[in-house]
Amino acid sequence: MISNEEEVKRPLNFIEEKIEADLASGRTQTVVTRFPPEPNGYLHIGHAKSIVVNFGLAQQYGGKTNLRFDDTNPEAEDQEFVDGIMKDVSWLGYEWAGEPLYASDYFQQLYDFTVYLMKAGKAYVDDSTQEEIAAQRGIPTEPGTESPYRNRSVEENLDLLERMNKGEFEKGSKVVRAKLDMASPNMHMRDPIMYRILKAHHHRTGDKWGIYPMYDWAHGQSDAIEGISHSLCTLEFEVHRPLYDWYLDQLPPFNPRPYQTEFSRLNLNYMVMSKRSLKKLVLRGYVNGWDDPRMPTIAGLRRRGYTPASIRNFAEAVGLTRQKSITDMSFLEFHIRQDLNKTAARVMAVIDPLKVIVTNWPEGKVEWLEVENNPEDPESGSRKIPFSRELFIEAEDFMEDAPKNFFRLSPGGEVRLKGAYAIQCQDFVKDENGKVVELHCTYDPATKSGQDTTGRKIKGVLHYVSASEAISVEARLYERLFNVEDPTGDTEDAFLDNLNPDSLHIVQNVMAEPSLATAQVGDKFQFMRKGYFCVDPDSTPGKLIFNRTVTLKDSWAKSN
RNA sequence: UGCCCGGUCGUCUAAAGGUAGGACAGCUGGUUUUGGUCCAGUCGGUGAGGGUUCGAAUCCUUCCUGGGCAACCA
């Protein structure tokens, strides 16, 4: 069903193979997947992979995908996150089937199933304390022991269940457990907890429920109720699979019967990805919120200037396997450059301005030169930029004592100003600290861009702005948030020691060409020779703020 | 040291007993009015041993090694 003829043939990944086998065998008629976030935080690039996998696979096989909030823990969850998650999924370009769904929609069915299991003698109410239950569970290398409450009568269990739900008992005083096998080598099978008493207010069901289901009890049954054909999750749920199957085995059959398949989660080097860690960065103020452009959250990437297509392409290119992996940040950067190279308009902005006086250019004269907007996109047209006697170039583009392979400006040297004329440096002025503060150059009228009659080959091409027309903007330059490949350490907070103290540089008085004055929040540009930038929402009518999404590849900088 | 899963270029990922290939990163060079893009080339890998086979990344076996599991979190 990969119907696009132009699509290059790609070998199937292991989940596609399963799906095709299931379709062929009749195990399932249509592919129904789900994306099941817990609304207790913001989505990150790792979730983006899961979104692309779930929505992408369903799309590919003509099926559908549910968005289901796994809202079984009211103590951690909040409507704010529900809204944020829906925004992010939509922004990535996916449409879920029908309305958003919630595990809490199934609380009644789950409760009825529990009654069913209790009547079958497969679930019981346990009065043990949290500590006692932990002790009963034993350790992985040794079997556990059975709870003294394990063999309560069906009647007593049903009565207690009802009263737990009514709120008659204190939080933590009782739980509902499945009656499985305390000697199982799989810890998750040692009479897992199905329900706990929680007095918290639920963001959707309010105070209706006194007990809340645990993940294992809620998840598989929610899948089954929704008719999910393929329940895809990450590797850490692998040991839960026997329990997922066991619950389904105890209940009347579902058709289709969902089954769980695990794949490896996405990790990036120089980044942390756990929700806990990200939350800590936000709460303790190491970054400026969930949408800080240094964050790997969808919201952060969006604000940074990443496009939905670049994230989708990245997620697809990373692939789908069961091997633990840490993907190179440069792979993500490759995909945003690839997208923006084709779509972002080129403009000129000087981040660290150095004044240039064109001594043989008439005082007060301004010439408007036509330059193309994007050489990669013939449809993008052109615009006019001003040239005058006083210009700014990038300070790093001038060197007093330049090595032979420095193609830029140096005393006596000549460069082309992009889209304008060639200039030659005649003289330069230093301040009292020895810093070069002004260049005196002459231009050659015969070298006008597009009409150069000199036949001279000029290697260096610089970006520039005309001083009188330039607008002053702010640029926020981002470096990696962490300065080691794997920031996670041995302790919970160890990653904080690996924070890069220079991950954000705010630069004022960046001199930008006047066409930028009308830029809107979210607009994306290539600042020629400097990188891709987008307009930050912090911008005000009087002051534009640009986030650097990613630098251009720079083989000169690299070799120095 | 119980159970489960995994080990292919630096990274990610193909090869379903038959030439170990691609992408990213790196390095060379060419084109270029962005030291960008584009193009060409190049470097570089099956964790180890044994076995089966005409032939093994793939099957068997021993070992080595990485990860997950002992929340009333998901």
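Chain identifiers are assigned alphabetically (A, B, ...) following the order of the sequence lines, protein sequences preceding nucleic acid strands; residue numbering begins at 1 within each chain.
The separation of B/rG17 from B/rG51, taken at their C1' atoms, amounts to 15 Å, rounded to a whole angstrom. Taking atom P in both B/rU52 and B/rU61, one finds a spacing of 15 Å when rounded to whole Å. Spacing of C1' atoms, B/rA15 relative to B/rG22, comes out at 11 Å, to the nearest Å. A distance of about 10 Å separates the C1' atoms of B/rU53 and B/rC59, rounded to the whole Å. Atom name C1', nucleotides B/rG44 and B/rG49: the rounded distance is 25 Å, in whole Å. Comparing B/rU65 with B/rU46, their C1' atoms are spaced 15 Å from each other, to the whole Å. Nucleotides B/rG2 and B/rC63 are separated by 12 Å at their P atoms, to the nearest Å. When the C1' atom is compared between B/rG68 and B/rA56, the two are found 30 Å apart, to the nearest whole Å.
Residue-level contact check: A/Glu376 touches the bases, meaning some heavy atom is under 4.0 Å from a base atom. A/Phe314 comes within 4.0 angstrom of no nucleic acid atom, judged by non-hydrogen atoms across all strands. Note on A/Pro375: a base of the nucleic acid sits closer than 4.0 angstrom, heavy atoms only. Residue A/Leu235 is classed as having no contact, given no heavy-atom separation below 4.0 Å to the nucleic acid. Contact annotation for A/Leu417: no contact, since no heavy-atom pair falls under 4.0 Å across all strands. Base engagement by A/Glu17 is indicated by at least one non-hydrogen atom pair under 4.0 Å involving a base atom. A/Val318 comes within 4.0 angstrom of sugar-phosphate atoms only, judged by non-hydrogen atoms across all strands, and of no base. Contact annotation for A/Arg190: no contact, since no heavy-atom pair falls under 4.0 Å across all strands. Within 4.0 Å of A/Met348, counting heavy atoms only, lies no atom of the nucleic acid at all. In this structure, A/Thr551 reaches neither bases nor backbone, as no heavy-atom distance under 4.0 Å exists between it and the strands shown.
Stacking of A/Trp556 onto the six-membered ring of B/rG35 is present: less than 5.5 angstrom between centres, less than 30° between planes.
Side chain of A/Arg137 to backbone of A/Met187: no donor-acceptor contact under 3.5 angstrom is found. Side-chain N or O atoms of A/Gln338 include none that pairs as donor or acceptor with a backbone N or O of A/Phe334 at under 3.5 Å. In this structure a side-chain-to-backbone donor-acceptor pair under 3.5 Å is missing from A/His219 to A/Asp216. In this structure, the side chain of A/Glu16 engages the main chain of A/Asn13 through a donor-acceptor pair within 3.5 Å. The backbone N or O of A/Met273 lies less than 3.5 Å from a partner atom in the side chain of A/His44, making a donor-acceptor pair. Judged by distance alone, with hydrogens and angles left aside, the side-chain atoms of A/Thr447 form a donor-acceptor pair with the main-chain N or O of A/Ala422 at under 3.5 Å. Remark: side-chain polar atoms of A/Asn54 are not paired, donor with acceptor, to backbone N or O of A/Thr33 under 3.5 angstrom.
Across all strands shown, B/rU33 has no partner, as no Watson-Crick or G-U wobble contact with both distances under 3.5 Å is found. Pair assignment for B/rG6: B/rU65, on the basis of Watson-Crick or G-U wobble contacts that are both within less than 3.5 Å. Under the Watson-Crick or G-U wobble criterion, with both distances below 3.5 Å, B/rU28 is paired with B/rA40.
Residue-to-nucleotide contacts include no donor-acceptor pair under 3.5 Å from the side chain of A/Glu262 to the base of B/rG68. With hydrogens and angles ignored, no donor-acceptor pair under 3.5 angstrom links the side chain of A/Thr141 to the base of B/rU1. Taking only distance into account, the side chain of A/His188 never meets the base of B/rA71 through a donor-acceptor pair shorter than 3.5 Å. Counting distance only, with no hydrogens placed and no angle test, the side-chain atoms of A/Gln323 and the base atoms of B/rU13 include no donor-acceptor pair under 3.5 Å. The base of B/rA70 is not paired with the side chain of A/Glu142 by any donor and acceptor separated by under 3.5 Å. Side chain A/Arg529 to base B/rU34: no donor-acceptor pair is found below 3.5 Å.
For A/Lys279, the NZ atom is densely surrounded, since the number of other residues' heavy atoms within 6.0 Å is greater than 12.
Side-chain proximity of A/Thr327 to B/rC12, B/rG68, B/rC73: nearest is B/rC12. Of the listed nucleotides (B/rC72, B/rG36, B/rU33), B/rC72 has the atom at the smallest distance from the side chain of A/Arg196. Of the candidate nucleotides B/rC73, B/rA70, B/rG36, B/rA70 has the atom nearest to the side chain of A/Ile139. Across B/rG36, B/rG35, B/rC72, the shortest atom-to-atom separation from the side chain of A/Val461 is found for B/rG35. In this structure, of B/rC4, B/rA71, B/rG68, it is B/rA71 that holds the atom nearest to the side chain of A/Arg137.
Just one residue in the list A/Lys418, A/Arg346, A/Arg383 forms a side-chain contact (heavy atoms from CB on, under 4.5 Å) with A/Val371, and that residue is A/Arg383.
A/Arg152 forms no cation-pi arrangement with A/Tyr124, by the criterion of a distance under 6.0 Å to the ring centre and an angle within 45° of the ring axis.
Taking for each of A/Gly450 and A/Ser555 the nucleotide of RNA chain B with the nearest heavy atom, the 5'-most of the two is the partner of A/Gly450. Taking the nucleotide of RNA chain B with the nearest heavy atom to each of A/Ile197 and A/Ser325, the more 5' of the two is matched to A/Ser325.
Checking the phosphate oxygens (OP1, OP2) of B/rG6, no side-chain nitrogen or oxygen of A/Thr321 falls inside 4.0 Å. A sub-4.0 Å separation between OP1 or OP2 of B/rU13 and a side-chain N or O of A/Arg10 is absent. A/Thr72 has a side-chain polar atom (N or O) that falls below the 4.0 Å cut-off from OP1 or OP2 of B/rA74.
Nearest heavy atom pair, residue A/Ser128 against residue A/Ile133, reads CB-CG1, 3.6 Å.
In this structure, CG of A/Asp554 is placed 10 Å from P of B/rU37, rounded to the nearest angstrom.
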Tell me, for nucleotides 19-32 of chain B in 5' to 3' order, what letter each nucleotide earns: B for a base near a protein heavy atom under 4.0 Å, S for only sugar-phosphate near one, - for neither? ----SSSSS----B
